[in-house]
Enquirer: 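One structure, as structure tokens, below. Some questions next.
What you see is a predicted model; the values in this text were computed from it and never measured. Letters A, B, ... are given to chains in the order of the sequence lines, protein chains preceding strands, and every chain is numbered from 1.
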Protein chains: 2
Amino acid sequence: MARPDQIRFRRSTLGEDVYEALKGLVLEHSLSPGDRINIDALAREFAVSPTPIREALARLEADGLVRKRPLVGYTVSPLLTRAEFDAMFEMRSLLECTSARWAAERADAAHREAVSAEAATTVAPQEDDPDGWHAAFTALDARFHDLVAEASGNGLLRDGIDRLHAHLHLHRRYFPYAQASATVEEHRRIAAAIQAADPDGAEAAMREHLARARERHLAAFD
Amino acid sequence: MARPDQIRFRRSTLGEDVYEALKGLVLEHSLSPGDRINIDALAREFAVSPTPIREALARLEADGLVRKRPLVGYTVSPLLTRAEFDAMFEMRSLLECTSARWAAERADAAHREAVSAEAATTVAPQEDDPDGWHAAFTALDARFHDLVAEASGNGLLRDGIDRLHAHLHLHRRYFPYAQASATVEEHRRIAAAIQAADPDGAEAAMREHLARARERHLAAFD
DNA sequence: CCATGAAATATCCTATAGGATCCACGATGA
DNA sequence: TCATCGTGGATCCTATAGGATATTTCATGG
């Protein structure tokens, strides 16, 4: 039985779509930190009215990705200062180490398997499209950490980690291509500890992973 | 030199005010968990247009205090389930114990003093106005924990704790009047450890405080 | 040459109106 | 008696227009 080509399933609302699109623009630095955001211009660009734009911006502000000055306008949140960068990794370490520990302690077989599977996947380096590679690798990293957080069994912890991960994008765009394999290897070690139900090992592996990731990103401050 | 009676200092915008007002209504259960929220009715009540209401609701949704079903409307987030309650206190323990530890390790004299001062203040029981007493005590508790978080020196940690504290209000309204003094005493012990620059002591005191607070609130599930 | 003040502009903020969708109620048929 | 379908009402969602404010620019005086 042939189905109509286009069923209007609009599960999400316009404001929702705008939020996702806008978030993507900020995270991939199509809107650079510090840029002013013109509501009317965005409305024209997305072909919607300013109202859903305002709604999306309000949510993004709660996420800390944009800032609002009354009667002046929205701006993309500025680049992280060194102090904010340190605070973020301190917080990530606190949250994610516990996430890994709990995942090792509590996760069921399906979650452990999902974590291991994600850690096993790789993205092929694409010399001709560094931006695409960067995006793919970033997405891979985000998925892995989110899967671990999901396996921890605490939804609030998962939300907090996700929120922090978004802040990571407010850092200067920098990608240590040469060390991508190191990241993957660290992920594998975490996944193995979780698979083996070794809380201490999982926490330690995550702690080392974050410490190294911090070092890698630190180079961007030069 | 006489100044005009009314300088329109409107630092905050309308949407901001609505957000604060609405948040207050939710936190004090003037809007009960599960209640539907009629945007137009709220707009009439606050004497503003629906737009700032929508903006405030979008932010409250990001905070997790209200939920939105597309093309249906907003509702106040439902009461915490037992599992969510446990997850929340698990998360609070993780965040606040570290908060207390870092405050003891790093805070400057002014912050330590502020924490101690807040721990020393009390609210007089008001038999004739239990709601007012409850509100005052809740505010006191929130201020104390926020001051400790501020003293920890990590703004992200402070934000996370504040966010969680709001969720606490989604619990069934219950107040162990008889044990208010116990709470104050526990606060004093935490403050003393921070004042004495004793990280282990501060963390332990906070851990015990949260464990006891959890027990106190657990009674509301009966 | 610099500082000060006022006018012009762009933008945000708010209010109102119309279209689209979902929920509830009642009627019909098995 | 139960399930299914159609209609009415309420609500949300979107679009557009007008008022208010901050920023910028330019002219003027020191």
Enquirer: Taking atom C1' of D:dT11 as reference, at what distance in whole Å does atom CG of B:Asp40 sit?
Expert: 7 Å
Enquirer: Need one value for A:Ile53: base, sugar-phosphate or nothing, where a base atom within 4.0 Å counts as base even if backbone is also close, heavy atoms only.
Expert: nothing
Enquirer: How close or far is atom P of D:dA10 from atom CZ of B:Arg44, stated in whole angstroms?
Expert: 12 Å
Enquirer: When you measure from the centre of the six-membered ring of B:Phe85, is the NZ or CZ of B:Arg82 under 6.0 Å away and within 45° of the axis?
Expert: no
Enquirer: Rounded to whole Å, how long is the line connecting atom CG of A:Asn38 with atom P of C:dC12?
Expert: 5 Å
Enquirer: Using whole Å, report how far CD of B:Glu55 lies from C1' of C:dC13.
Expert: 9 Å
Enquirer: Tell me the interatomic distance from B:Arg54, atom CZ, to D:dC13, atom P, rounded to whole angstroms.
Expert: 5 Å
Enquirer: Between A:Val72 and A:Ala47, which residue's closest nucleotide on DNA chain D lies nearer the 5′ terminus?
Expert: A:Ala47
Enquirer: Could you spell out the base pairing of DNA chain C in dot-bracket, with Watson-Crick or G-U pairs whose two distances are under 3.5 Å, [ ] crossing and | to another strand?
Expert: ||||||||||||||||||||||||||||||
Enquirer: Strictly below 4.0 Å: does B:Ser49 bring a side-chain N or O up to OP1 or OP2 of C:dT14?
Expert: no
Enquirer: Using distance alone, with no hydrogens and no angle criterion, decide if B:Ser99 and B:Arg158 have a side-chain donor and acceptor under 3.5 Å apart.
Expert: no
Enquirer: At 4.0 Å (heavy atoms only), tell me whether A:Ile37 reaches a base, stays on the sugar-phosphate, or touches nothing.
Expert: sugar-phosphate
Enquirer: Mind calculating the distance between OH (A:Tyr74) and P (C:dT11) to the nearest angstrom?
Expert: 16 Å
Enquirer: Do A:Asp63 and A:Tyr19 get their side chains close enough for a donor-acceptor pair, meaning under 3.5 Å?
Expert: yes
Enquirer: What is the distance, to the nearest angstrom, from the CZ atom on A:Arg36 to the P atom on C:dA10?
Expert: 13 Å
Enquirer: Applying salt bridge (charged side-chain N to carboxylate O under 4.0 Å, His left out), run through B:Arg163 and A:Asp159 and close with a yes or a no.
Expert: CA-CA 11 Å; B:Arg163 193 179 302 274; A:Asp159 288 346; over 6 Å; no
Enquirer: Between A:His187 and A:Phe144, how do the two ring planes meet: parallel, tilted or perpendicular, split at 30° and 60°?
Expert: parallel
Enquirer: Please tell me which of the listed nucleotides, D:dT23, C:dC22, D:dT14, lies nearest to the side chain of A:Pro52?
Expert: D:dT14
Enquirer: Go through the side-chain N and O atoms of B:Arg214 and B:Ser93 and say whether any donor and acceptor fall under 3.5 Å apart.
Expert: no
Enquirer: Nearest nucleotide by nearest heavy atom, which residue falls closer to the 5' end of DNA chain C, A:Ala41 or B:Val48?
Expert: A:Ala41
Enquirer: Taking the ring centre of each residue, are B:Phe89 and B:His171 less than 6.0 Å apart?
Expert: no
Enquirer: Whole Å only: how far is the CD1 atom of A:Ile39 from the P atom of D:dT16?
Expert: 16 Å
